[in-house]
Asker: 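Got a structure for you, written out below as structure tokens; questions coming shortly.
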Amino acid sequence: MRSIATCYNEHAIKVSDSYCSGPSNRAYVTPKLTPSIPNEVACIYKTKLLNHQQLLITLTWYNRISGQGLIVNVDEYKMNSSSSSSGESKSLSSSNSQRLQKEKGTRTFQSCNLKIEVFWDFSTADYHNGGPEPTNGFYLLVLADSELGLILGDKIEEVLDLKKYKTIISQQKFSLVSRSEHVSGNAVYSTKAQFCDSGIAHDILIKCDRDDEGGSKSQVLTVSIDKKKIFQVKRLKWNFRGNQAIFLDGLLVDLMWDIHDWLFNPKSGRAVFMFRTRSGLDSRLWLEEKVLEHKGQDRPEFSLLICACKSPD
């Protein structure tokens with residue numbers, strides 16, 4: 001079976017008029033259903049060391065029946081490697097994956113011929129709506145041969161000697177390149193995403209529900225950003241796969257969706273939504289198998305993947 005991206009022709013992209021001409025004037029409609037909460041969030045960060053070696057640090061936050069925790073995985077970034085497009089699954093199965101289940105601690109291990117040190121404290125962390133990923137009240141620090149690889153959280157100044165670590169903190173060269181969320185529940189999904197370092201974090205709401213405005217009993221797919229309805233897809237039995245381009249922070253962002261199993265396999269169906277930045281109007285729609293074939297080019301700036309399992313109606 002082909003992947004979601006290969007199902008679409010590059011000429012099917014159409015830039016959303018609602019964002020080209022400014023935000024929509026239509027009022028944002030609060031969903032009747034409470035947005036589903038992710039049970040797993042995987043974030044891939046790319047960091048560049050002083051010796052120009054590049055690493056991919058994958059953090060997989062999870063909240064399962066067995067408990068809540070974090071899996072840390074460190075891999076070397078290579079342009080001709082397929083590991084970056086499957087970072088999440090690799091982080092769960094690689095020999096250098098480290099599962100952190102304690103609220104506070106340190107961990108040292110070897111990866112990519114480097115000494116990796118992880119320091120963390122989630123003992124006072126806050127979690128939005130009971131999700132697996134902390135929002136504040138925590139810190140996470142990853143060092144590679146005593147060089148800063150990743151630093152997250154708002155409590156880092158409370159535990160580090162800023163004079164000692166001032167140099168490595170000022171030299172931080174890491175960025176979030178991919179985020180994936182696995183959610184289950186109803187067909188309303190809410191998240192935040194920052195598509196570039198200079199942009200802001202945008203509120204994203206995806207809803208698949210009855211068409212209240214049109215008075216139809218058929219379901220429609222609605223995507224809202226920052227409480228503005230960007231576009232709506234009707235006749236989902238024919239439009240269960242598709243793509244739409246939008247502008248955010250001066251960037252062209254492709255949104256692709258596949259809700260086939262939601263409609264035709266409701267008992268175990270899963271939908272996939274992907275947001276991905278691209279360089280310009282004349283660039284092609286992103287294809288998974290083509291991204292890593294362009295030698296001399298870096299990977300796209302950011303991608304957001306939502307895998308959603310909907311409870312049967």
Side-chain angles (χ1 to χ4, degrees), residues 40-62 69-101 105-122 132-134 138-153 156 159-160 164-181 193-198 276-277 279 286 288 291-305:
E40 182 175 297
V41 176
C43 298
I44 303 178
Y45 298 86
K46 185 171 70 173
T47 185
K48 186 176 182 180
L49 305 180
L50 293 179
N51 63 359
H52 302 294
Q53 183 179 9
Q54 296 187 73
L55 302 177
L56 290 179
I57 302 176
T58 303
L59 304 180
T60 304
W61 309 89
Y62 63 87
L70 169 66
I71 298 174
V72 179
N73 188 77
V74 180
D75 282 306
E76 187 171 6
Y77 173 72
K78 295 181 180 179
M79 289 296 296
N80 60 352
S81 172
S82 61
S83 62
S84 59
S85 63
S86 58
E88 178 189 350
S89 60
K90 189 169 184 180
S91 70
L92 296 175
S93 60
S94 295
S95 59
N96 57 1
S97 295
Q98 301 294 313
R99 188 182 300 268
L100 313 180
Q101 293 182 297
T106 63
R107 182 72 59 86
T108 302
F109 60 98
Q110 292 288 325
S111 181
C112 308
N113 296 319
L114 299 169
K115 178 184 177 182
I116 306 298
E117 298 173 272
V118 184
F119 306 84
W120 75 93
D121 185 354
F122 308 137
E133 184 182 22
F138 77 102
Y139 75 85
L140 175 72
L141 178 70
V142 180
L143 300 180
D145 280 353
S146 300
E147 185 178 342
L148 179 65
L150 180 66
I151 183 171
L152 298 176
I156 197 69
V159 295
L160 286 184
K164 178 180 179 181
Y165 289 93
K166 183 178 180 180
T167 301
I168 64 172
I169 291 177
S170 63
Q171 294 174 344
Q172 54 180 305
K173 294 182 180 179
F174 59 86
S175 59
L176 177 64
V177 295
S178 176
R179 176 183 176 88
S180 62
E181 302 182 7
Q194 183 176 342
F195 292 91
C196 63
D197 292 338
S198 59
R276 196 172 184 95
T277 59
S279 59
W286 174 79
E288 180 180 356
V291 168
L292 299 174
E293 294 179 2
H294 299 291
K295 295 183 179 180
Q297 296 183 9
D298 206 349
R299 64 178 290 142
E301 292 182 359
F302 178 75
S303 66
L304 169 65
L305 178 67

Asker: Report yes if the side chains of W120 and L100 come closer than 4.5 Å at any heavy-atom pair, otherwise no.
Answerer: yes

Asker: Which pair of non-hydrogen atoms, one from S178 and one from L176, has the smallest distance, and what is that distance?
Answerer: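 The answer is O-CD1, 3.4 Å.
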
Asker: Are the side chains of T47 and Y77 in touch, meaning some heavy atoms are under 4.5 Å apart?
Answerer: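 Sidechains of Y77 and T47: no contact.
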
Asker: Can you tell me which residue among L150, L56, I57, L55 is in a side chain to side chain contact (heavy atoms under 4.5 Å, CB included) with K46?
Answerer: L56

Asker: Go through the steps for L141 and L148 under the test side-chain contact (heavy atoms from CB on, under 4.5 Å), then give the verdict.
Answerer: CA-CA 8 Å; L141 178 70; L148 179 65; 3.3 Å; yes

Asker: Quick one: list whatever passes ring-ring contact (aromatic ring centres under 6.0 Å, His included) with Y45, sequence neighbours left out.
Answerer: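 Expected list: none.
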
Asker: For residues W61 and P132, report the shortest heavy-atom separation together with the two atoms involved.
Answerer: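 What the structure gives for the nearest pair is CB-O, 3.6 Å.
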
Asker: Throw together a table of side-chain donor-acceptor distances under 3.5 angstrom for residues 105-119, partners on residues two or more places apart or in other chains.
Answerer:
from: R107; atom 1: NH1; to: Q98; atom 2: OE1; distance (Å): 2.9
from: R107; atom 1: NH2; to: R99; atom 2: O; distance (Å): 3.4
from: S111; atom 1: OG; to: V74; atom 2: O; distance (Å): 2.7
from: S111; atom 1: OG; to: N96; atom 2: ND2; distance (Å): 2.5

Asker: Can you name the closest pair of heavy atoms from E147 and L50 and give their distance?
Answerer: OE2-N, 2.6 Å

Asker: E133 versus R179: any side-chain heavy-atom pair under 4.5 Å?
Answerer: yes

Asker: Closer than 3.5 angstrom, by distance alone: can the side chain of S97 be matched with the main-chain N or O of N73 as a donor-acceptor pair?
Answerer: no

Asker: One pair to check against side-chain contact (heavy atoms from CB on, under 4.5 Å): D75 and T58. What are the steps and the verdict?
Answerer: CA-CA 8 Å; D75 282 306; T58 303; 5.6 Å; no

Asker: Which pair of non-hydrogen atoms, one from Y62 and one from I71, has the smallest distance, and what is that distance?
Answerer: CE2-CG1, 3.8 Å

Asker: Show the numbers, then the answer: is there a side-chain contact (heavy atoms from CB on, under 4.5 Å) between V72 and L59?
Answerer: CA-CA 5 Å; V72 179; L59 304 180; 3.8 Å; yes

Asker: With a 4.5 Å heavy-atom cut-off, do I151 and F174 have their side chains touching?
Answerer: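 Yes. Closest side-chain heavy atoms under 4.5 Å.
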
